[in-house]
Enquirer: 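Here you go, one structure.
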Amino acid sequence: MLHPILALFLLCGLSTVSSLDNGLALTPPMGWMHWERFRCIIDCDNYPDDCISEQLFRAMADRLAEDGYLEAGYEYLIIDDCWLATERDSEGRLQPDPDRFPNGIKALADYVHDKGLKFGIYEDYGTNTCGGYPGILGHLETDANTFAEWGVDYLKLDGCYAATEGMEEGYAEMGMYLNQTGRPIVYSCSFPAYKGLDANYTAAVEICNLWRNYGDIQDSWGSVKSIVNWFVDNQGYLSQFAGPGHWNDPDMLIIGDYGLSYDESISQMTMWTMMASPLIMSVDLRTIEPEFRDILLNKDAIRINQDPLGIPGLLAKKINNVYVWTKPILPQVGDKYSYAIGFVSFREDNPIQIEVTLDSFGLDNADGYTLNNVFDPTDPVTVSVTDPITFFIDPSGGVLLEVNPVGSKKFQ
Ligand SMILES: *[C@@H]1O[C@H](CO)[C@@H](O)[C@H](O)[C@H]1NC(C)=O
Ligand SMILES: *[C@@H]1O[C@H](CO)[C@@H](O)[C@H](O)[C@H]1NC(C)=O
């Protein structure tokens with residue numbers, strides 16, 4: 001039983017799908033975005049440290065650059081909604097709220113770039129953003145040029161206040177104007193989230209580097225589970241559209257916020273790693289607890305997520321409500337791939353013992369595999385494909401294993 005996406009990959013190299021060719025997002029984008037944690041806080045008098053303002057983004061840029069996140073791969077600092085003034089300027093251009101961004105967006109982008117980071121911003125394809133600020137409809141070319149002049153490297157384009165009919169064409173038109181600026185800009189689309197499975201996903205691959213498929217994540221384990229269940233229910237359809245340069249996006253990592261326990265944080269990191277999802281944090285990096293930071297910075301998890309094959313993992317089985325994903329990764333030895341195997345308990349009662357063998361996932365390297373337990377590393381263990389692998393998994397806990405065929409050099 002070969003992993004179905006790997007089978008497709010080997011068959012046609014997935015090259016028959018024509019995809020956006022801007023050279024960007026060849027692995028899932030990594031960064032930080034304000035929405036889930038900071039929302040639309042615009043009252044800087046009462047919430048000076050948390051309001052959507054240039055101080056907040058400068059502070060986060062400092063933390064990204066100085067606390068190991070940039071080094072680990074989290075390179076995009078992305079402003080979400082509520083940065084805009086309520087009106088365009090006298091020449092019809094977008095402008096930020098003057099009180100909260102007194103130095104303008106260009107100066108903020110320069111600050112972010114000086115830290116070695118890339119700069120992302122939010123807009124909306126419709127007449128208004130979801131927060132009610134001016135949208136881009138009727139101003140696509142002007143706004144694409146404004147973003148390029150400011151030094152934007154990543155655009156999240158939401159879909160509030162827009163007709164869903166014709167959205168694909170509208171997003172394509174904006175993509176054309178972005179391309180015409182000559183500035184490489186990661187293009188994150190939202191029409192699939194607004195149109196559901198009626199969205200033209202072939203068009204999404206052609207137009208966008210990534211796209212939100214589903215509703216916003218909220219700060220709870222229940223929200224994480226509902227998103228994952230939707231992706232699992234539709235994985236056979238969705239996974240065919242993901243690959244280098246074009247990704248499904250189940251929304252931000254909420255690790256380190258109020259809603260997830262330590263175990264649940266490992267579980268979210270495990271699932272986002274397995275699904276080859278963008279790793280976009282939304283957490284206060286000034287106050288995050290070190291144990292949560294360590295989850296976000298786990299080198300092996302990030303390497304698996306960023307694997308150059310870009311094959312999204314698929315749920316292979318459920319064992320007593322423990323979900324098990326497999327994902328082919330490098331390195332390979334001959335025709336034997338390495339694999340990541342992610343286990344996440346959706347149970348709410350007791351921990352249980354898991355016992356699996358690698359051959360039950362179709363792995364068949366005769367010399368066996370070396371085993372790496374990503375969040376609980378031990379000395380390397382070698383297992384044959386019929387050796388039982390056993391461990392306990394907590395309710396809502398996660399275990400991420402990496403297995404490399406014996407004889408492979410660990411991929412760097
Ligand atoms: C614009 O599109 C062309 C054709 O797909 C591509 O080769 C080029 O890299 C794109 N440029 C930018 C800046 O995205
Ligand atoms: C979906 O988009 C593709 C690529 O742009 C296009 O060829 C196809 O006709 C579209 N399908 C529908 C049903 O509109």
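Whatever order the structure lists them in is the order used to number ligands and atoms, beginning at 1. Start at 1 with the first residue, then count along the sequence. Every value quoted in this text rests on a predicted model; they were computed, and no experiment measured them.
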Enquirer: Enter the distance from W32:CH2 to L64:CG here, rounded to the nearest 0.5 Å.
Expert: 8.0 Å
Enquirer: Does an N or O from N179, backbone or side chain, lie closer than 3.5 Å to an N or O of ligand 1?
Expert: yes
Enquirer: Among N372, N365, N404, find the residue that satisfies the side-chain hydrogen bond (donor to acceptor under 3.5 Å, both in side chains) test when tested with S338.
Expert: N404
Enquirer: Regarding D62 and R58, does a basic nitrogen lie under 4.0 Å from an acidic carboxylate oxygen?
Expert: no
Enquirer: Heavy-atom contacts with N22 under 4.0 Å: which atoms of ligand 1 show up? List them by number with element.
Expert: 14 (O)
Enquirer: Can you produce the list of protein nitrogen or oxygen atoms under 3.5 Å from a nitrogen or oxygen of ligand 2, alongside each distance?
Expert:
| from | atom 1 | to | atom 2 | distance (Å) |
| --- | --- | --- | --- | --- |
| ligand 2 | 2 (O) | N200 | OD1 | 3.2 |
| ligand 2 | 2 (O) | N200 | ND2 | 2.3 |
| ligand 2 | 5 (O) | E206 | OE1 | 3.1 |
| ligand 2 | 11 (N) | N200 | ND2 | 2.9 |

Enquirer: Could you list which atoms of ligand 1 come closer than 4.0 Å to a heavy atom of G182?
Expert: 13 (C)
Enquirer: Cationic tip of K317 within the cone over F361's six-membered ring, i.e. under 6.0 Å and within 45° of the normal?
Expert: yes
Enquirer: What I want to find out is whether R39 reaches D216 closely enough, with some N-O distance under 4.0 Å, to be called a salt bridge.
Expert: no
Enquirer: Contact between G23 and ligand 1, counting heavy atoms under 4.0 Å?
Expert: no
Enquirer: Under the criterion salt bridge (charged side-chain N to carboxylate O under 4.0 Å, His left out), I'd like the reasoning laid out for E348 against K225: C-alpha separation, chi angles, the key distance, then a yes or no.
Expert: CA-CA 12 Å; E348 291 173 357; K225 282 201 293 188; 3.0 Å; yes
Enquirer: Less than 3.5 Å apart, any donor N or O on the side chain of Q306 or T27 sitting next to an acceptor on the other?
Expert: yes
Enquirer: Side chains of S261 and D263: any donor to acceptor distance under 3.5 Å?
Expert: no
